[in-house]
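Worth knowing before you read on, the calculation uses all heavy atoms, side chains too, and leaves out hydrogens, waters and symmetry mates. Because the structure is predicted, anything quoted here is derived from the model rather than measured.
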Amino acid sequence: MYSISLAAVLVMVVADRDRLTATNVRTTYGILGPVRQDPRFHPGDDFVLSFDIEGAKANTAGKILYSVGMDITDSQGKVRFRQIPTDQEADAPAGGKGLPACASLQIGLDQDPGAYTVRVTVKDRVAGTHCEITRTCQILPKEFGLVRLTTTLDPEGKIPTAFLQQSKPGWINFAAVGFGRAKSGGQPHVSVVMRVSDEAGRSALAKPSMGEITKDVPSGVRALPMQFALEINRTGKFTVELTATDQVSGQSVKASFPITVTTAK
């Protein structure tokens with residue numbers, strides 16, 4: 001079954017528009033992270049919809065009063081999960097245009113495969129206006145794959161980012177699911193290689209980063225959290241490619257995503 005978490009981060013307000021709208025709508029790897037092009041998700045993955053809210057109004061106390069809710073329906077139109085809109089408020093910063101926000105859906109490890117529709121509703125409780133965003137996604141059958149991929153500025157995975165700073169480390173976080181276990185000992189054997197290339201296809205690393213998990217995994221664990229540190233000594237746009245291999249079953253999967261490196265502040 002589903003579990004849901006919603007987050008809306010408001011940073012800028014437009015006070016002269018009468019209509020609440022959502023712009024720059026995109027699926028991302030993690031909260032406000034790199035853009036995700038692939039609409040297919042493994043069970044155990046996160047569906048994150050990032051967007052900008054425009055047209056929110058502040059009340060006389062300078063507060064933004066709003067709510068965010070979510071409905072999930074299957075291909076038959078049946079509601080599989082409903083997040084009742086929750087009232088929230090935030091200080092209204094002066095000036096600006098967009099209110100960066102996101103809604104995050106955690107897909108259960110036992111979720112049925114198929115097509116699902118995600119509808120996010122945002123309401124401006126001051127003006128009484130609302131807007132809706134609708135996106136579809138495909139949940140794959142259970143199989144070996146990489147899920148919960150995020151980029152963060154901290155090794156704890158608490159500070160999401162779509163950008164890394166030149167010559168400063170960032171962290172690539174993810175988990176492997178659907179892996180096998182050895183008949184002898186019952187342990188998994190999952191290996192992962194990370195390669196990074198620039199826009200010209202040249203490697204941005206002296207050599208690929210490599211890691212594996214082969215021991216100390218309790219029998220009930222179904223997802224293996226993993227992490228790579230990433231430091232790039234030049235600015236630009238890059239592609240990170242993860243290749244994971246389940247050495248027990250022989251299955252191999254790849255996941256790639258864009259990352260931008262900016263000048264360190």
Side-chain angles (χ1 to χ4, degrees), residues 2-41 45-58 63-73 79-107 115-139 147-153 157-163 173 237 257-260 262:
Y2 287 111
S3 60
I4 296 288
S5 61
L6 292 175
V9 183
L10 307 184
V11 295
M12 293 181 290
V13 174
V14 169
D16 59 353
R17 296 192 179 187
D18 296 326
R19 190 166 63 94
L20 194 71
T21 59
T23 61
N24 194 26
V25 179
R26 69 243 185 241
T27 307
T28 57
Y29 289 103
I31 296 173
L32 305 177
V35 173
R36 176 172 183 158
Q37 301 291 347
D38 193 346
R40 300 170 301 171
F41 295 78
D45 209 344
D46 291 340
F47 176 90
V48 182
L49 192 67
S50 298
F51 51 94
D52 298 333
I53 302 170
E54 296 189 10
K57 308 296 182 181
K63 298 286 186 179
I64 298 294
L65 306 180
Y66 65 101
S67 64
V68 181
M70 179 186 285
D71 289 340
I72 313 297
T73 56
V79 177
R80 302 294 295 270
F81 185 91
R82 174 164 290 158
Q83 171 69 53
I84 302 301
T86 56
D87 291 344
Q88 303 178 54
E89 70 174 59
D91 291 330
K97 291 184 178 181
L99 311 173
C102 65
S104 174
L105 167 65
Q106 298 176 339
I107 303 169
Y116 292 84
T117 299
V118 180
R119 185 182 67 177
V120 175
T121 302
V122 182
K123 182 178 181 179
D124 179 349
R125 291 157 45 216
V126 174
T129 56
H130 75 279
C131 64
E132 293 183 352
I133 308 168
T134 302
R135 285 293 184 274
T136 58
C137 65
Q138 183 77 24
I139 298 180
V147 300
R148 306 173 196 166
L149 197 156
T150 62
T151 56
T152 61
L153 295 176
K158 296 180 179 180
I159 308 176
T161 183
F163 304 90
N173 313 279
K237 296 183 178 180
F257 60 94
I259 193 72
T260 298
T262 61

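With rounding to the nearest 0.5 Å, the separation of OG in Ser104 from CG in Leu49 is 10.0 Å. Atoms CD1 and SG, from Ile107 and Cys137 in turn, are 5.5 Å apart once rounded to the nearest 0.5 Å. We find the CG-OG1 distance between Leu20 and Thr129 to be 4.5 Å, quoted to the nearest 0.5 Å. With values rounded to the nearest 0.5 angstrom, Thr73 atom OG1 is found 10.0 Å from Tyr116 atom OH. Within the model, atoms CG of Asn24 and CD1 of Ile53 stand 12.0 Å from one another, a figure rounded to the nearest 0.5 Å.
Take Asp46 and apply the salt bridge (charged side-chain N to carboxylate O under 4.0 Å, His left out) test, not counting sequence neighbours, and it matches no residue. Scored by the side chain to side chain donor-acceptor pair (under 3.5 Å) test, Thr28 finds Ser50 as partners (sequence neighbours excluded). Checked against ring-ring contact (aromatic ring centres under 6.0 Å, His included), Phe51 has no partners two or more places apart in sequence or in another chain. Looking at residues two or more places apart in sequence or on another chain, you find a side-chain contact (heavy atoms from CB on, under 4.5 Å) between Thr136 and Thr117. The side chain to side chain donor-acceptor pair (under 3.5 Å) check on Ser67 picks up nothing, with sequence neighbours excluded. Annotation: side-chain contact (heavy atoms from CB on, under 4.5 Å) contacts of Thr121 (sequence neighbours excluded): Arg119, His130, Glu132. Qualifying side chain to side chain donor-acceptor pair (under 3.5 Å) partners for Asn173, counting only residues two or more places apart in sequence or in other chains: Thr150, Thr152, Gln227. Under the side chain to side chain donor-acceptor pair (under 3.5 Å) criterion, Arg135 pairs with no residue at all, not counting sequence neighbours.
Side-chain atoms of Lys123 and Tyr66, non-hydrogen and from C-beta on, never get closer than 4.5 Å to each other. Side-chain atoms of Val35 and Thr27, non-hydrogen and from C-beta on, never get closer than 4.5 Å to each other. Side-chain contact between Val118 and Phe47 is present, with at least one heavy-atom pair separated by less than 4.5 Å. Here the side chains of Thr151 and Phe163 are not in contact, with every heavy-atom distance at 4.5 Å or above. At least one side-chain heavy atom of Pro34 sits under 4.5 Å from a side-chain heavy atom of Ile259. By the 4.5 Å heavy-atom criterion applied to side chains, Asp71 and Phe81 are not counted as neighbours. Using a 4.5 Å heavy-atom threshold, the side chains of Asp87 and Leu65 count as separate.
Taking every heavy atom of both residues into account, Cys131 and Thr21 meet most closely at SG-C, 4.0 Å. Listed here is the closest heavy atom pair of Gly30 and Val48: O-CG1, 3.4 Å.
Applying the salt bridge (Lys or Arg N to Asp or Glu O under 4.0 Å) test to pairs two or more places apart or on separate chains, those with a residue in residues 24-37 are Arg36-Asp45.
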